[in-house]
Amino acid sequence: MDLMLYNTLTRRKELFRPIQPPQVGLYTCGPTVYNYAHIGNLRTYIFSDVLKRVLAYNGYKVRHVMNITDVGHLTGDRDMGEDKLEQGAQREGKSAWEIAAHYTEAFKKDIERLNILSPTVWCKATETIPEQIQLIRILEQKGYTYRTSDGIYFDTARFAGYTKLSHQNLEALQEGARVERNPEKRNATDFALWKFSPPDVQRQMEWPSPWGTGFPGWHIECSAMSMKYLGEMLDIHCGGTDHIDVHHTNEIAQSEAATDRKFFNFWMHGAFLIIAGGKKMAKSEDNFLTLDVTVARNRVEPLAFRFAAFQTHYRKPMEFSEEGLAAAQNGLQHLRNQVRALLDGASPAVIDSQYQEKFRQAVNNDLNMPQAMAVVQEMLKSDLPAPIKLATLFDFDQVLGFDLQGLDAGEALPDEIRALADARRRARKEKQWALSDQLRDELQAKGYVVQDTPQGMKVFKA
RNA sequence: GGCGGCAUAGCCAAGUGGUAAGGCAGAGGUCUGCAAAACCUCCAUUCUCCGGUUCGAAUCCGGAUGCCGCCUCCA
């Protein structure tokens with residue numbers, strides 16, 4: 001079965017073939033670490049996690065690079081705002097480096113709780129400054145840059161094919177109302193490669209360069225880092241849809257201008273998460289929800305959000321609601337209970353090839369997770385024997401990432417719990433219902449689930 | 001102004017020419033000391049609306065309406 005992926009470059013699903021099979025180079029735009037990630041951001045990382053797992057499911061060896069943007073991402077438009085890290089430092093009374101470290105850790109914790117696999121390489125913008133400077137020098141030698149009073153800029157008019165990703169009409173775009181102009185720019189779409197430190201302000205993050213002390217522009221880091229860590233394996237680059245028009249467009253322009261070669265073969269973009277009222281989640285709105293807050297407020301597990309994300313295809317806006325999240329938690333719990341029931345007296349055997357093929361077709365059709373989830377249910381409801389269902393489901397879980405194999409089927413309980421469970425078994429046998437119910441309450445209070453199944457009483461950690 | 005997307009049951013949603021997946025919620029039932037859990041059954045003659053093409057359309061074409069995203073920091 002072929003793997004078909006939607007490519008923003010061509011606006012259609014294409015057959016995926018890596019440049020150096022069986023290796024695949026995957027670059028995912030990581031967070032700018034000046035604040036916590038919200039669940040909308042995290043939805044996009046769940047999308048790229050599925051992509052990565054599906055590549056592996058198809059037998060590819062994935063080299064995954066994710067950057068941490070810890071400098072240079074400006075708050076304002078037209079390359080004239082403040083650096084987000086420096087601003088965050090001011091807001092919280094810490095150094096820019098402390099801010100970056102804190103939010104980087106928070107981000108890593110979030111993705112771990114969502115069972116998002118760690119990238120092969122984490123890289124930071126601040127640790128790739130020489131490579132970025134080198135790239136800018138090449139662009140300068142080739143005549144793609146010009147200098148203004150505040151930095152070195154890329155002249156987008158000199159790069160043919162600037163709109164190949166965004167498919168935008170630049171003339172019409174220029175007619176659009178622009179709030180703030182950078183008067184020194186030659187073209188509205190030009191962007192900073194290197195920004196000079198302001199003469200009157202002492203920046204915490206700044207480096208010497210051939211053009212003067214300063215810091216890199218936001219886009220150049222991704223070009224430098226993907227080239228450094230992926231080499232020739234520029235297979236897939238992904239991120240959120242908002243990056244199509246500016247960030248990724250600029251990455252392509254500067255990279256291809258520098259190397260005279262195609263940058264990435266595939267560009268994939270995840271759609272936004274929107275909340276009731278139809279608005280996207282944004283840090284500027286008051287609908288900003290972190291994973292911590294969402295999980296605590298709704299009394300669900302982080303993985304419930306992962307389950308919820310699988311209900312919608314990644315290229316469609318995901319309608320988020322507390323009701324939907326609760327539904328996902330119930331669905332996840334049900335799935336686990338099904339596994340526990342199967343695990344009772346059976347162990348995984350052989351994978352069913354027919355359902356495996358159906359599952360593969362779903363995920364290989366541009367990561368159609370809603371359909372893949374339907375295949376999961378269909379398989380579980382089938383007449384297959386338990387050992388085959390288990391093996392097949394565990395195979396699917398390589399993509400799903402619900403940790404179903406780690407489920408406790410009732411073994412390995414602490415002595416205290418085991419004693420309580422045994423006591424309740426005796427009480428039930430002797431029809432001491434009051435005592436039995438009391439012991440059940442006690443077990444539940446200690447965080448254990450008690451199930452009376454036709455095969456007897458089962459106890460496991462909730 | 002430009003570019004793009006979306007509209008399917010109470011909620012989330014797949015399906016993109018062959019007669020409506022799946023999840024959650026809900027109803028009934030089996031099991032059970034009870035409650036859960038699990039299992040079984042039921043739950044859209046219909047896909048925003050109006051035209052058209054076709055033997056046949058949720059799926060294609062035209063139009064209308066509503067909603068959203070990007071073009072400005074944003075996943």
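Computed from a predicted structure; not experimentally measured. Order of the sequence lines fixes the chain letters, A, B, ..., with proteins taken first and strands second; residue numbering starts at 1 for each chain. Hydrogens, waters and symmetry mates play no part in the numbers below; they use all other heavy atoms, side chains included.
Nucleic acid contact for Ala328(A): none, since no nucleic acid atom lies under 4.0 Å from a heavy atom of the residue. Across all strands shown, Gly270(A) has no heavy atoms under 4.0 Å from either base or sugar-phosphate atoms. Within 4.0 Å of His243(A), counting heavy atoms only, lie sugar-phosphate atoms of the nucleic acid but no base atom. Using a 4.0 Å heavy-atom cutoff across all strands shown, Gln311(A) reaches at least one base atom of the nucleic acid. Using a 4.0 Å heavy-atom criterion, one finds that Asp452(A) contacts the bases of the nucleic acid, with or without backbone contacts as well. Residue-level contact check: His247(A) touches neither bases nor backbone, having no heavy atom under 4.0 Å from any strand. At the heavy-atom level, Ala327(A) lies under 4.0 Å from the strands shown only through sugar-phosphate atoms. Among the atoms of the strands shown, none is found under 4.0 Å from any heavy atom of Arg12(A). Among the heavy atoms of the strands lying under 4.0 Å from Leu273(A) is at least one base atom, whether or not backbone atoms are also near. Within 4.0 Å of Gly324(A), counting heavy atoms only, lies no atom of the nucleic acid at all.
Ring to ring, His313(A) and Phe47(A) are not that close: their centroids are 6.0 angstrom or more apart.
As rounded to whole Å, 14 Å separates atom P of C39(B) from atom CG of Asp383(A). The distance from atom CG of Asn330(A) to atom P of C12(B) is 16 Å, rounded to the nearest whole Å. If you take CD of Glu323(A) and P of A13(B), they are 11 Å apart, rounded to a whole angstrom. Counting to the nearest Å, the C1' atom of G69(B) and the CG atom of Asp245(A) are 10 Å from each other. Between Phe305(A) atom CZ and C12(B) atom P there is a gap of 16 Å when expressed in whole angstrom units. Distance, Ile244(A) CD1 to A75(B) C1': 11 Å, rounded to whole Å. Rounded to an integer number of Å, the gap from Asp110(A) CG to A75(B) P is 13 Å. Whole-Å rounding puts the Phe191(A) CZ to U72(B) P distance at 14 Å.
Straight-line distance between the P atoms of G26(B) and G56(B): roughly 43 Å, to the nearest whole Å. Rounded to whole Å, the separation between the P atoms of G4(B) and U41(B) comes to 46 Å. When the C1' atom is used for both G66(B) and A36(B), the distance is 44 Å, rounded to whole Å. The C1' atoms of G63(B) and A20(B) are separated by 26 Å, rounded to the nearest whole Å. Comparing G52(B) with G2(B), their C1' atoms are spaced 30 Å from each other, to the whole Å. The gap from the C1' atom of U45(B) to that of A57(B) amounts to 15 Å, rounded to the nearest Å. Spacing of C1' atoms, U19(B) relative to A44(B), comes out at 14 Å, to the nearest Å. G28(B) and A13(B) have their C1' atoms separated by 26 Å, with the value rounded to a whole Å.
Using modelled atom types and a 3.5 Å distance limit, the side chains of Asp155(A) and Asn187(A) yield a donor-acceptor pair. Side-chain contact of His269(A) with Thr8(A): a donor-acceptor pair under 3.5 Å is present, judged by distance alone. Gln204(A) and Glu86(A) form no side-chain donor-acceptor contact under 3.5 Å, judged by distance and modelled atom types alone.
When both distances must be under 3.5 Å, the Watson-Crick or G-U wobble mate of A25(B) does not exist. In this structure C3(B) sits in a base pair with G69(B), meeting the Watson-Crick or G-U test at under 3.5 Å. Across all strands shown, G52(B) is found opposite C60(B) as a Watson-Crick or G-U wobble partner, with both distances under 3.5 Å. A44(B) is unpaired under the criterion used here, namely a Watson-Crick or G-U wobble arrangement in which both key atom distances are under 3.5 Å. Base pairing of A14(B) is not made with any nucleotide, judged by Watson-Crick or G-U wobble geometry with both donor-acceptor distances under 3.5 Å. Of all nucleotides present, none satisfies the Watson-Crick or G-U wobble test against C34(B) with each distance under 3.5 Å.
Seen from the ring of Phe460(A), Arg340(A) counts as a face-on cation partner, given the 6.0 Å and 45° thresholds. In this structure, Arg43(A) is not positioned above the aromatic face of Phe272(A) in the sense of NZ or CZ being under 6.0 Å from the six-membered ring centre and within 45° of the axis.
Each of Gln444(A) and Ile39(A) lies near RNA chain B, and the nucleotide nearest Gln444(A) is the one positioned closer to the 5' end. In terms of position along RNA chain B, the nucleotide closest to Ala434(A) lies nearer the 5' end than the nucleotide closest to the other residue of the pair Ala434(A) and Gly30(A).
Remark: Lys358(A) is not in phosphate contact with A14(B), judged by side-chain N or O atoms under 4.0 Å from OP1 or OP2. Residue Asn368(A) has no polar side-chain atom (N or O) positioned under 4.0 Å from OP1 or OP2 of A14(B). Between Lys316(A) and A7(B) there is a side-chain N or O to OP1 or OP2 distance below 4.0 Å. Residue Gln371(A) places no side-chain N or O under 4.0 Å from the OP1 or OP2 atom of A21(B). Within the structure, a side-chain polar atom (N or O) of Gln338(A) is placed less than 4.0 Å from OP1 or OP2 of C39(B). For Thr312(A), no side-chain nitrogen or oxygen approaches OP1 or OP2 of C12(B) to under 4.0 Å. At the phosphate of G23(B), neither OP1 nor OP2 sits under 4.0 Å from any side-chain N or O atom of His334(A). Close to G4(B), at under 4.0 Å from its OP1 or OP2, lies a side-chain N or O of Arg11(A).
Side-chain atoms of Thr241(A) and base atoms of G4(B) include no donor and acceptor less than 3.5 Å apart. Arg440(A) contributes a side-chain N or O that forms a donor-acceptor pair with the base of A35(B) under 3.5 Å.
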Determine all donor-acceptor pairs shorter than 3.5 Å in which one atom belongs to a side chain in residues 381-388 of chain A; sequence neighbours excluded.
from      : atom 1 : to        : atom 2 : distance (Å)
Ser382(A) : OG     : Met379(A) : O      : 2.6
Ser382(A) : OG     : Leu384(A) : N      : 3.3

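Every residue two or more places apart in sequence or in another chain was checked for a ring pair (Phe, Tyr, Trp, His ring centres under 6.0 Å) with Tyr229(A), and none qualifies.
Asp352(A) places a side-chain N or O within donor-acceptor distance of the main-chain N or O of Tyr355(A), the cut-off being under 3.5 Å.
Checking A21(B), G33(B), G23(B) against every side-chain atom of Asp437(A), the shortest atom distance belongs to G33(B). Comparing atom distances between the Ser321(A) side chain and each of C11(B), G33(B), A13(B) picks out C11(B) as nearest.
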